[in-house]
Amino acid sequence: MALIPRDFFARHSVQVAPELLGCVIEHQTAAGLVAVELTEVEAYAGASDPASHAYRGKTARNAVMFGPPGHAYVYFTYGMHFCVNLVCLGYGSASAVLLRAGRVIEGVELASARRTRGAAAVPFRDLARGPARLCQALDIDRSQDGTDVCVADSPLRMRWPDAGTTARSAERKVVSGPRVGVSSAAEVPWRFWWEGEPTVSVYRSATRRRPKLVTP
DNA sequence: CGAAGGATGCGCT
DNA sequence: GCGCATCCTTCGA
């Protein structure tokens, strides 16, 4: 297992994000190991980025983003979902990369069991397709907030692509586009993914809300 | 197919 | 209170 060194993350998130494609996040729990090869990520620039949680300054929730690079920032949203970021640059910059989607390469059965609700089986491509699904497949929640992913004995860690993945990466084309679900700075093309990869989430623009009140 | 709405809890104004 | 870096189900064509 070749761990990704902290220096890798100690750069601007926009530079780190596309290089994370093909890298592997793995979570060792009592139930077993699940590893996911990243296929889609989003960069957030920190205090200067209106779409970032760090835009309005440091709070108890986002404190990890203001810490050193190579740590996991996990947040809870929409009353039921978790999303995981990897802190970049560090030392107060509060920049990070959101892990949006990936392909499960180890522990498929365990990931499938975590993702399955009721009777309907989840298709393989959908196991970690979307930031909240990825967290569910890996069993990541707020107890992983602040975890150092750059040490070998961490239950949650990042490693370089496998040899087979590296070969496949060479044939992959990295493309970029607007970020998903953010209402401000939506024009910034800081979402990166592998073109034609089936595990990439479906794009949804942020302007799908606002049912607003009705007049009877 | 696509669009629409509900679920659901917490951080921030 | 409001609004979310979301997902899933249902409804209609």
Side-chain angles (χ1 to χ4, degrees), chain A residues 12-14 16-18 20-21 25 36 38-66 71-89 93-102 104 111-146 176-193 198-214:
Chain A
H12 288 283
S13 56
V14 178
V16 172
L20 273 173
L21 298 177
I25 182 172
V36 172
L38 300 177
T39 60
E40 180 189 0
V41 295
E42 268 178 14
Y44 289 83
S48 63
D49 185 353
S52 171
H53 287 173
Y55 184 58
R56 305 198 182 271
K58 183 178 175 179
T59 66
R61 175 172 75 145
N62 64 24
V64 170
M65 269 203 294
F66 288 81
H71 289 244
Y73 163 51
V74 182
Y75 68 91
F76 180 76
T77 191
Y78 290 102
M80 63 185 82
H81 295 305
F82 297 97
C83 299
V84 61
N85 297 249
L86 299 178
V87 178
C88 294
L89 202 57
S93 72
S95 69
V97 174
L98 170 69
L99 309 185
R100 283 202 54 88
V104 179
S112 185
R114 286 169 176 163
R115 286 270 297 118
T116 300
R117 292 196 197 284
V122 176
F124 172 77
R125 63 151 60 173
D126 291 342
L127 286 177
R129 193 188 198 195
R133 292 163 163 183
L134 181 141
C135 279
Q136 193 176 8
L138 286 162
D139 196 25
I140 292 175
D141 58 30
R142 285 231 69 196
S143 62
Q144 273 70 242
D145 188 42
S176 69
R179 294 178 289 188
V180 177
V182 305
S183 48
S184 54
E187 71 287 354
V188 181
W190 284 352
R191 169 178 174 246
F192 303 90
W193 68 97
T199 61
V200 170
S201 68
V202 292
Y203 178 74
R204 280 223 257 292
S205 100
T207 60
R208 195 166 60 83
R209 37 176 142 56
R210 209 172 310 280
K212 258 348 186 185
L213 52 87
V214 290

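In this text the structure is predicted, and so the values were computed from the model without any measurement. Lettering follows sequence order; numbering is per chain, from 1. Note that these values count all heavy atoms, side chains included, but never hydrogens, waters or copies made by symmetry.
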Trainee: Could you check how far CG of L99(A) sits from P of dT6(C), rounded to whole Å?
Mentor: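 So the CG-P distance, L99(A) to dT6(C), works out to 14 Å.
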Trainee: Can a donor-acceptor pair be found, under 3.5 Å and without considering hydrogens, that links the side chain of R115(A) to the backbone of L127(A)?
Mentor: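 Checked: pair present.
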Trainee: Return the set of residues passing side chain to side chain contact (heavy atoms under 4.5 Å, CB included) with A111(A) (not counting sequence neighbours), or none when no residue passes.
Mentor: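 Listed in chain order: V34(A), V104(A), A137(A).
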Trainee: What does nucleotides 8-13 of chain B look like as a protein-contact string, B for base, S for sugar-phosphate only, - for none, at under 4.0 angstrom between heavy atoms?
Mentor: BB-SSS
Trainee: Using the side chain to side chain contact (heavy atoms under 4.5 Å, CB included) criterion, which residues pair with P50(A)? Sequence neighbours excluded.
Mentor: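 So P50(A) forms a side chain to side chain contact (heavy atoms under 4.5 Å, CB included) with Y55(A), S184(A), A185(A).
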Trainee: Only counting residues at least two apart or in another chain, list the ones meeting side chain to side chain contact (heavy atoms under 4.5 Å, CB included) with A45(A).
Mentor: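 Scan of A45(A) (side chain to side chain contact (heavy atoms under 4.5 Å, CB included), adjacent residues dropped) gives S48(A), D49(A), W190(A).
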Trainee: For R133(A), which residues count as a side-chain hydrogen bond (donor to acceptor under 3.5 Å, both in side chains) partner, sequence neighbours excluded?
Mentor: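 Here no residue qualifies.
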Trainee: So, using side-chain hydrogen bond (donor to acceptor under 3.5 Å, both in side chains) as the criterion, who are the partners of R125(A) when residues are at least two apart?
Mentor: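 So R125(A) forms no side-chain hydrogen bond (donor to acceptor under 3.5 Å, both in side chains) with any residue.
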Trainee: How many Å lie between CG on L134(A) and C1' on dA5(C), as a whole number?
Mentor: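 So the two atoms are 13 Å apart, to the nearest Å.
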Trainee: At a heavy-atom distance below 4.0 Å, what parts of residues 123-133 of chain A sit against DNA chain C?
Mentor: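 The answer is G130(A), P131(A), A132(A), R133(A).
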Trainee: Validate the cation-pi geometry between R61(A) and Y73(A): distance from NZ or CZ to the six-membered ring centre under 6.0 Å, angle to the ring axis within 45°.
Mentor: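 Relative to the ring axis of Y73(A), which defines the angle, R61(A) lies outside at least one limit.
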Trainee: Under the salt bridge (Lys or Arg N to Asp or Glu O under 4.0 Å) test, which residues partner R142(A), sequence neighbours left out?
Mentor: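 So R142(A) forms a salt bridge (Lys or Arg N to Asp or Glu O under 4.0 Å) with D145(A).
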Trainee: Tell me, please, which residues at least two apart from T199(A) pass side-chain hydrogen bond (donor to acceptor under 3.5 Å, both in side chains).
Mentor: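 T199(A) satisfies side-chain hydrogen bond (donor to acceptor under 3.5 Å, both in side chains) with T39(A), E197(A) once adjacent residues are dropped.
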Trainee: Going by ring centres under 5.5 Å and near-parallel planes (under 30°), is Y75(A) stacked on dA5(C)?
Mentor: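 It does not: the ring fails the test against the base of dA5(C).
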Trainee: How close or far is atom P of dA5(C) from atom CG of L86(A), stated in whole angstroms?
Mentor: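 So the CG-P distance, L86(A) to dA5(C), works out to 18 Å.
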Trainee: Can you list everything that forms a side-chain hydrogen bond (donor to acceptor under 3.5 Å, both in side chains) with S201(A)? Sequence neighbours excluded, please.
Mentor: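 S201(A): side-chain hydrogen bond (donor to acceptor under 3.5 Å, both in side chains) contacts with E40(A), R100(A).
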Trainee: Mind calculating the distance between CZ (R179(A)) and P (dT6(C)) to the nearest angstrom?
Mentor: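 The answer, rounded to whole Å, is 12 Å.
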Trainee: Can you name the ring pair (Phe, Tyr, Trp, His ring centres under 6.0 Å) partners of F76(A), sequence neighbours left out?
Mentor: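 Here the qualifying residues are F82(A).
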Trainee: What is the separation between atom CG on L98(A) and atom C1' on dC4(C), rounded to the nearest whole Å?
Mentor: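 The distance from CG of L98(A) to C1' of dC4(C) comes to 14 Å, rounded to the nearest Å.
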Trainee: Using the P atom as the reference point in each nucleotide, state the distance between dA5(C) and dA3(B) in Å, no decimals.
Mentor: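 dA5(C) and dA3(B) have their P atoms separated by 22 Å.
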Trainee: How does DNA chain C look in dot-bracket form if you count Watson-Crick and G-U pairs under 3.5 Å, write [ ] for pairs that cross, and put | where a base pairs with another strand?
Mentor: ||||.|||||||.
